[in-house]
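One structure is given here, and the rest of the page talks about it.
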Amino acid sequence: MKALHLLWAVPFPCLLALHLIDRGRQESELAELQGKLAALSTSARTLRTELAARRQMPQPAAASAAPRIAEQPAPAEDPSHAGPPPLDVIETRDQLEASFLRQHGDVRWSGEAQRTAATRLSAILPETSKLQSLECRASMCRIETAHQGLESYQLFVRNAFMNPETKLWNGGFFTMQLDDPVNGKLVTVSYLARDGEELAIVAEPQR
Amino acid sequence: MHRSRTRRILAAITTVATIATASPLAMARSTSAFVGRPQNSSDAGCFWEWYGSLTNVCDTTKTLIVPLTVDVPGNHTIFVSAYGAGAANNVGCAAFGVNKEVTAYWGGVASYLSTFGASVDITLSGYVPPGGSLYVACFTNPQGRINMVNMMW
């Protein structure tokens, strides 16, 4: 029995020592990881602060930049919003036109929408304006109008798409002048989505 | 015990590193309703100001247009905080973007208050082209109130 106790007495201090060494190592690892966590948290805070400050800073004037730098394309406005750049007027028109041409008529919606649009347009178009074409397909209508002067066009836009009491229906829209005015006459194209729906160009996420 | 604690710390480090490096930060700007003005200047007296909010005190629906500061072109989600005591005091808004030549217009669907008796957000979609400007038009029934506009991108 005594021999058995002796058998335990020899390895026990060794095991205890090993355990204490291991615990010490774990504690030092823990302290190191806590330090790294604190450093990362600080870095994240600094990055957020810098980003917010950079957004609020005015862009330097182009004139102050060296010509070689000024000729280079402008960098992306915000790297955190990397993605396709927003479309300008022509790109929007091209995308909507292509989308419209790809669509087929929706038997249930497009026929009725076209009749509704024709009726309401006849009521709101200024006297000097003219409906040149109107066609509705699966998700939108395409409306081409001619106006005698900018004021008539603006009145048409307000009445057809914005004024809740007169607009064709409550859908997302895009409208633009097709050409520069000739003798005061301007031709415009408009795309109007279904009631309650945004135009695909607007609904498309940019990020 | 130490191992599970170490795992937790490693998970926290990973989370912080991911937030710091990978995820885009949603940005927002708020605009007081008082920045806006009525579509018709003759309606200026119809909007009564109270700490930046505007209430239509006339007997008919009036349109208030609020210009929004654009930091980044593209799609934006817009929240209009508005109040109507009842359906007769409803407020409906729509966002619209304009190019800098003011020859092309992007308009979103108009949305109205659906609950009454407390200030709630009307959510809108708006698109603004590069170099363009963005607005919110609010059709305000009598006693309808627009508090402010928040924009996110």
- Is A:Q132 atom CD crowded by more than 12 heavy atoms from other residues, nucleotides or ligands, each under 6.0 Å away? yes
- Counting only heavy atoms closer than 4.5 Å, note whether A:R158 contacts chain B via side chain, backbone, both or neither. side chain
- Check whether any side-chain N or O of B:Y105 sits under 3.5 Å from a backbone N or O of A:Q154 as a donor-acceptor pair, and report yes or no. no
- What is the minimum heavy-atom distance between A:P86 and B:P130, and which atoms define it? O-CG, 3.7 Å
- Count the heavy atoms belonging to other residues, nucleotides or ligands that lie under 6.0 Å from CG of B:D59, then report whether that count exceeds 12. no
- If you take all heavy atoms of B:W106 and A:L87, which pair is closest and at what distance? CZ2-O, 4.5 Å
- Message: Are more than 12 heavy atoms, taken from residues, nucleotides or ligands other than B:R37, located less than 6.0 Å from that residue's CZ atom?
- Response: no
- Message: Are more than 12 heavy atoms, taken from residues, nucleotides or ligands other than A:E97, located less than 6.0 Å from that residue's CD atom?
- Response: yes
- Item | Residue, of B:V128, B:T61, B:V109, that accumulates the most heavy atom pairs under 4.5 Å with chain A | B:V109
- Item | Enclosure of B:F34 CZ (heavy-atom neighbours >12, cutoff 6.0 Å) | no
- Query: With only heavy atoms counted, which part of A:E165 is less than 4.5 Å from chain B, the side chain, the backbone, both or neither?
  - Reply: neither
- Message: Counting only non-hydrogen atoms closer than 4.5 Å, does A:Y153 touch chain B with its backbone (N, CA, C, O), its side chain (CB onward), both, or neither?
- Response: side chain
- State the CZ-CZ distance between A:F161 and B:F96, to the nearest 0.5 angstrom. 14.0 Å
- Message: Testing the basics here: between B:G108 and A:E198, what is the closest heavy-atom pair and its distance to 0.1 Å?
- Response: CA-OE1, 3.3 Å
- Message: At a 4.5 Å cut-off on heavy atoms, which part of B:A94 comes close to chain A: side chain, backbone, both, or neither?
- Response: neither
- Task: Name the region of A:V89, side chain, backbone, both or neither, that has any atom closer than 4.5 Å to a heavy atom of chain B.
- Result: both
- Query: Pick from B:V102, B:T63, B:N99, B:T103: which one has the most heavy-atom pairs with chain A under 4.5 Å?
  - Reply: B:T103
- Message: Just so I know, are the side chains of A:M162 and B:F139 near enough to count as touching, which here means a heavy-atom distance under 4.5 Å?
- Response: no
- Separation between CG of A:N163 and CD of B:Q39, rounded to the nearest 0.5 Å: 8.0 Å
- Query: Of the non-hydrogen atoms in B:A104 and A:M176, which two are nearest, and what is the gap between them?
  - Reply: CB-CB, 3.8 Å
